[in-house]
Amino acid sequence: MDANEQFTDSIDALKETGVRITPQRKAVLKYMIETEEHPTADDIFKALSSEYPNMSVATIYNNLKLFKDTGLVKELTYGDSSSRFDFITDTHYHIICSNCGKITDFHYPGLEEVEQLAGSVTEYDVSHHRLEIYGLCPECREQV
């Protein structure tokens with residue numbers, strides 16, 4: 001699905017929940033769909049502030065919370081104190097640069113089997129898991 005289809009589907013999903021579609025909301029959503037980064041609210045504010053000078057960081061936070069509550073984005077809480085947000089909500093994992101903090105997605109379906117095994121061995125009702133891998137990204141590795 002391309003970015004335009006994702007945008008249209010996301011707007012439709014918001015409308016179905018009775019959410020009012022504002023220009024600022026559209027801008028934040030469009031940014032989330034188009035970025036390959038995992039931005040903080042401040043990152044999004046900086047990227048959009050020249051085009052939307054009246055938009056506040058609070059507006060960004062409120063929209064991200066709304067998107068999270070409706071299942072459009074995932075909130076990532078890793079080592080630093082800032083939440084980051086990811087438009088890709090299917091099961092995937094992240095590798096994080098220990099130097100610059102860049103987050104990159106990767107997929108590994110084998111970990112779903114680990115969840116099943118853990119539940120079977122421990123008799124837990126497993127709800128989810130979290131995997132974080134750390135290292136130096138290619139850009140930081142070149143600087144060393």
Side-chain angles (χ1 to χ4, degrees), residues 1-119 122-141 143:
M1 183 182 306
D2 74 3
N4 288 329
E5 290 172 318
Q6 288 177 319
F7 181 77
T8 301
D9 287 354
S10 298
I11 292 293
D12 290 345
L14 290 170
K15 285 179 181 176
E16 286 174 16
T17 62
V19 171
R20 195 168 60 95
I21 307 302
T22 64
Q24 294 86 351
R25 190 160 285 149
K26 283 182 176 180
V28 174
L29 182 60
K30 187 171 192 261
Y31 182 84
M32 287 301 304
I33 291 170
E34 293 176 352
T35 187
E36 291 184 18
E37 303 296 319
H38 298 78
T40 64
D42 287 335
D43 294 335
I44 298 168
F45 176 74
K46 289 173 190 167
L48 298 178
S49 62
S50 64
E51 192 174 345
Y52 296 89
N54 295 326
M55 185 165 34
S56 68
V57 176
T59 299
I60 307 273
Y61 275 110
N62 290 336
N63 280 296
L64 290 169
K65 182 182 180 336
L66 174 72
F67 297 161
K68 178 185 167 193
D69 291 346
T70 57
L72 294 177
V73 300
K74 268 195 207 175
E75 184 175 7
L76 309 175
T77 52
Y78 294 126
D80 61 10
S81 58
S82 299
S83 289
R84 295 178 173 275
F85 295 87
D86 192 351
F87 184 76
I88 301 171
T89 58
D90 64 345
T91 302
H92 67 281
Y93 305 97
H94 299 102
I95 186 162
I96 304 155
C97 181
S98 316
N99 186 50
C100 71
K102 177 182 176 179
I103 301 172
T104 304
D105 294 341
F106 74 96
H107 296 269
Y108 184 69
L111 289 176
E112 292 169 18
E113 292 176 25
V114 172
E115 236 184 49
Q116 292 172 352
L117 177 63
T122 64
E123 298 184 9
Y124 275 53
D125 183 11
V126 177
S127 62
H128 66 283
H129 67 269
R130 177 172 164 167
L131 171 68
E132 300 170 26
I133 298 177
Y134 292 85
L136 288 178
C137 70
E139 293 82 12
C140 289
R141 203 174 55 238
Q143 295 173 5

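Given the structure is predicted, the values throughout are model-derived calculations rather than measurements. Keep in mind that the numbers below use all heavy atoms, side chains included, and drop hydrogens, waters and symmetry copies.
Between the NZ atom in K26 and the OG atom in S10 there is a gap of 13.0 Å [rounded to 0.5 Å]. Atom OG1 of T35 sits about 13.5 Å away from atom CZ of F85, to the nearest 0.5 Å. E113 contributes atom CD, which lies 11.5 Å from atom CD of E115 (distance to the nearest 0.5 angstrom). Taking CD1 of I96 as the reference point, atom OG1 of T104 lies at 9.5 Å (rounded to 0.5 Å). We find the OG1-NE2 distance between T91 and H129 to be 7.0 Å, quoted to the nearest 0.5 Å. To the nearest 0.5 angstrom, E37 atom CD is 6.5 Å from K102 atom NZ.
The existence of a salt bridge linking D42 and K46 is excluded, since no basic side-chain nitrogen approaches an acidic carboxylate oxygen closer than 4.0 Å.
Within 6.0 Å of the OH atom in Y124, the count of heavy atoms belonging to other residues, nucleotides or ligands does not exceed 12. Counting heavy-atom neighbours within 6.0 Å of E123 CD, excluding the residue itself, gives a total of 12 or less.
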Residue pair L131, Y108: steps toward the side chain to side chain contact (heavy atoms under 4.5 Å, CB included) verdict: CA-CA 11 Å; L131 171 68; Y108 184 69; over 6 Å; no

Worked verdict on E34 versus F87 for side chain to side chain contact (heavy atoms under 4.5 Å, CB included): CA-CA 9 Å; E34 293 176 352; F87 184 76; over 6 Å; no

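A heavy-atom distance below 4.5 Å is found between the side chains of T77 and R130. Looking at Y52 and T59, their side chains never come closer than 4.5 Å, going by heavy atoms from C-beta outward. Residues N54 and Q24 have side chains not in contact (no heavy-atom distance under 4.5 Å, counting atoms from C-beta outward). Using a 4.5 Å heavy-atom cutoff, the side chains of L14 and L72 are in contact. Taking the side chain as every heavy atom from C-beta outward, D2 and E5 approach each other to under 4.5 Å. By the 4.5 Å heavy-atom criterion applied to side chains, L64 and I44 are counted as neighbours. Looking only at side-chain heavy atoms (C-beta outward), I133 and Y93 stay at 4.5 Å or farther from each other.
Annotation for C137 and C97: closest pair N-SG, 3.4 Å, computed over non-hydrogen atoms. Minimum interatomic distance between I88 and K74 (heavy atoms only, all atoms of both residues): O-CE, 4.3 Å. Across all non-hydrogen atoms, the minimal contact from N99 to C140 is ND2-SG, 3.1 Å. In this structure, D86 and M32 approach most closely via the heavy-atom pair N-CE, 3.8 Å. Nearest heavy-atom pair across A41 and I60 is O-CG2, 3.7 Å. The minimum heavy-atom distance linking H92 with H94 is given by the pair NE2-NE2, 3.2 Å.
Judged purely by atom type and a 3.5 angstrom limit, T70 uses its side chain to pair as donor or acceptor with the backbone of L66.
Between the side chains of T40 and D43, a donor-acceptor pair is found at a separation under 3.5 Å. Counting only N and O atoms by type, the side chains of H107 and D90 include no donor and acceptor under 3.5 Å apart.
In summary, of the residues considered (K65, R84, K68), a side-chain hydrogen bond (donor to acceptor under 3.5 Å, both in side chains) with E75 occurs for K68 alone.
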